[in-house]
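To keep things clear, I will list the structure first and then write my remarks on it.
Every value quoted in this text rests on a predicted model; they were computed, and no experiment measured them.
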Amino acid sequence: MTQHICQFLFEPVIPESSKQYVVNALETIKATRNPIYLAEDTQKANSNLQQSPFYEALYQAGQLTHFLLLHIHGVIPRTSSEESLIPTSYPPGNSFFSHMDGPNGPLRQLDINAEQYPYNVLGYEMYACLPHVRTDAISLHVRNYGEQHMNIHLVIPFFQVFDYRGFCILQPYFLSSDAITSKNLAEIYHAMGAFFKGIQDSERNRPAASQTWARYYKPDKLPYPKAMQQNIPQLLS
């Protein structure tokens with residue numbers, strides 16, 4: 001964009017219009033960006049869900065999501081729109097680890113994996129700039145280590161309770177964070193039911209106030225553009 005502005009300021013002839021410049025820039029981005037996929041609950045469609053090598057990590061991500069939602073609009077509700085989640089990781093086991101210094105340190109820990117975990121999940125809060133709206137969001141970095149490598153960024157957009165539209169959780173979406181994961185993306189997509197099962201199992205048999213996902217998940221409230229809805233990776237036969 002800076003180059004195009006300089007052309008207007010200093011060059012005697014402008015090689016292309018601003019409209020054409022933007023179109024060309026968007027085509028360049030589309031050709032190089034990582035595709036975005038909507039997270040679908042595949043529990044009914046995938047009878048072999050628990051056999052997936054990515055099941056445990058995605059299930060763990062679902063359980064961490066429930067834990068974080070409790071701090072947003074559950075039994076520990078927010079009292080101010082300025083509040084933000086403390087970055088939290090959830091490796092194998094039953095302990096949630098808070099990271100008071102922000103997400104950068106734990107993100108490096110995910111890369112290094114000094115503890116040699118088979119999988120790990122980190123969650124924190126961010127903004128999601130969707131094609132049709134900007135929202136608050138839970139950002140999850142989900143890692144599966146070893147031969148069945150997975151490194152995805154899973155985003156859960158939501159409207160805060162202070163938003164004029166009222167508290168609401170929108171459909172999650174995810175994308176690959178490296179080339180190796182991209183090769184496994186179809187299998188990860190079809191194993192995403194494990195994420196939803198992790199949330200549902202965490203909420204099961206809990207008081208109504210703790211069932212944030214069951215009460216406020218509205219995937220159809222603000223439908224995504226058709227291009228995103230139709231972006232489904234195909235399993236190889």
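Between the side chain of E125 and the backbone N or O of L85 there is at least one donor-acceptor pair closer than 3.5 Å. Using modelled atom types, no side-chain atom of E56 and backbone atom of P53 make a donor-acceptor pair closer than 3.5 Å. Remark: the backbone N or O of M100 is not paired with any side-chain donor or acceptor of S98 at under 3.5 angstrom.
For the atom pair CG of L122 and CG of L64, the computed distance is 8.0 Å after rounding to the nearest 0.5 Å. To the nearest 0.5 Å, atoms CZ (F96) and OH (Y90) are separated by 4.5 Å. The line from CG of L107 to NE2 of H99 is 9.5 Å long, rounded to the nearest 0.5 Å. Taking CG from D136 and CD1 from I72, the interatomic distance works out to 8.0 Å, rounded to the nearest 0.5 Å. From S84, atom OG reaches atom CE of M126 across 12.0 Å, with rounding to the nearest 0.5 Å. Distance check: H149 NE2 to F54 CZ gives 9.0 Å after rounding to the nearest 0.5 Å.
In plain terms, the two heavy atoms of I152 and M150 that are nearest each other are CG2-CG, 3.9 Å. The heavy-atom pair separating F159 from T135 by the smallest distance is CE2-CG2, 3.5 Å. Closest non-hydrogen pair, A137 versus A128, comes out as CB-CB, 3.8 Å. The minimum heavy-atom distance between P92 and Y117, with the atom names listed, is CD-CD2, 3.8 Å. Nearest heavy atom pair, residue V142 against residue A61, reads CG2-CB, 3.9 Å. Minimum interatomic distance between Q171 and P157 (heavy atoms only, all atoms of both residues): O-CD, 3.5 Å.
Each of L140, T65, L154, L58 was checked for a side-chain contact (heavy atoms from CB on, under 4.5 Å) with V121, and the lone residue meeting it is L140. A side-chain contact (heavy atoms from CB on, under 4.5 Å) with S52 holds for exactly one of H190, M192, E187; it is E187.
V161 and Y127 end up in different hydrophobic clusters when Ile, Leu, Val, Met, Phe, Trp and Tyr side chains are linked at under 4.5 Å. In the hydrophobic clustering of this structure, Y124 does not group with F67; members are Ile, Leu, Val, Met, Phe, Trp, Tyr whose side-chain heavy atoms approach within less than 4.5 Å, directly or through other members. Criterion: ILVMFWY side-chain heavy atoms under 4.5 Å apart, direct or through other members. Under it, V155 and L110 are not part of a common hydrophobic cluster. Under a hydrophobic clustering in which Ile, Leu, Val, Met, Phe, Trp and Tyr are joined whenever their side-chain heavy atoms come within less than 4.5 Å, directly or via other members, L38 and V133 fall into the same cluster.
In this structure, R143 fails the cation-pi test against Y119, since its NZ or CZ atom is not both closer than 6.0 Å to the six-membered ring centre and inside 45 degrees of the ring normal.
Using modelled atom types, one finds no donor on one side chain facing an acceptor on the other under 3.5 Å when comparing H141 with N151. Looking at N184 and T181, their side chains never bring a donor and an acceptor atom within 3.5 Å of each other.
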Check the pair Y224, Y173 against side chain to side chain contact (heavy atoms under 4.5 Å, CB included), reporting the backbone distance first and the verdict last.
CA-CA 10 Å; Y224 288 89; Y173 63 89; 3.8 Å; yes
I'd like to know whether H153 forms a side-chain hydrogen bond (donor to acceptor under 3.5 Å, both in side chains) with S139, so could you lay out the CA-CA distance, the side-chain angles of the two residues, the decisive distance to 0.1 Å, and finally the verdict.
CA-CA 7 Å; H153 186 199; S139 171; 2.6 Å; yes
Given L69 and I169, is the side chain to side chain contact (heavy atoms under 4.5 Å, CB included) satisfied, shown in steps?
CA-CA 10 Å; L69 286 172; I169 306 167; 3.9 Å; yes
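Heavy-atom neighbours of F162 CZ from other residues, nucleotides or ligands within 6.0 Å: above the threshold of 12. The 12-atom threshold is not exceeded at CD1 of I86, counting heavy atoms of other residues, nucleotides or ligands nearer than 6.0 Å. Under a cut-off of 6.0 angstrom, the local environment of NZ in K221 is crowded, with over 12 non-hydrogen atoms contributed by other residues, nucleotides or ligands.
Between F196 and W213, the two ring planes are perpendicular [angle over 60°; tilted spans 30° to 60°].
For E40, the salt bridge (Lys or Arg N to Asp or Glu O under 4.0 Å) test picks out no residue, with sequence neighbours left out. Evaluation of the ring-ring contact (aromatic ring centres under 6.0 Å, His included) rule for Y55 yields Y59 as partners, not counting sequence neighbours. Residues satisfying the salt bridge (Lys or Arg N to Asp or Glu O under 4.0 Å) test with R206, not counting sequence neighbours, are none.
At a threshold of 4.0 Å, the pair R204-D201 counts as salt-bridged, since one of the basic side-chain nitrogens sits closer than that to a carboxylate oxygen.
F158 places none of its side-chain heavy atoms less than 4.5 Å from the side chain of Y216. Two residues are said to be in side-chain contact when any heavy atoms from C-beta on lie closer than 4.5 Å; D41 and Q200 meet this criterion. The shortest distance between side-chain heavy atoms of T88 and H71 does not fall below 4.5 Å. Residues P87 and F97 form no side-chain contact, since every pair of their non-hydrogen atoms from C-beta on lies 4.5 Å or further apart.
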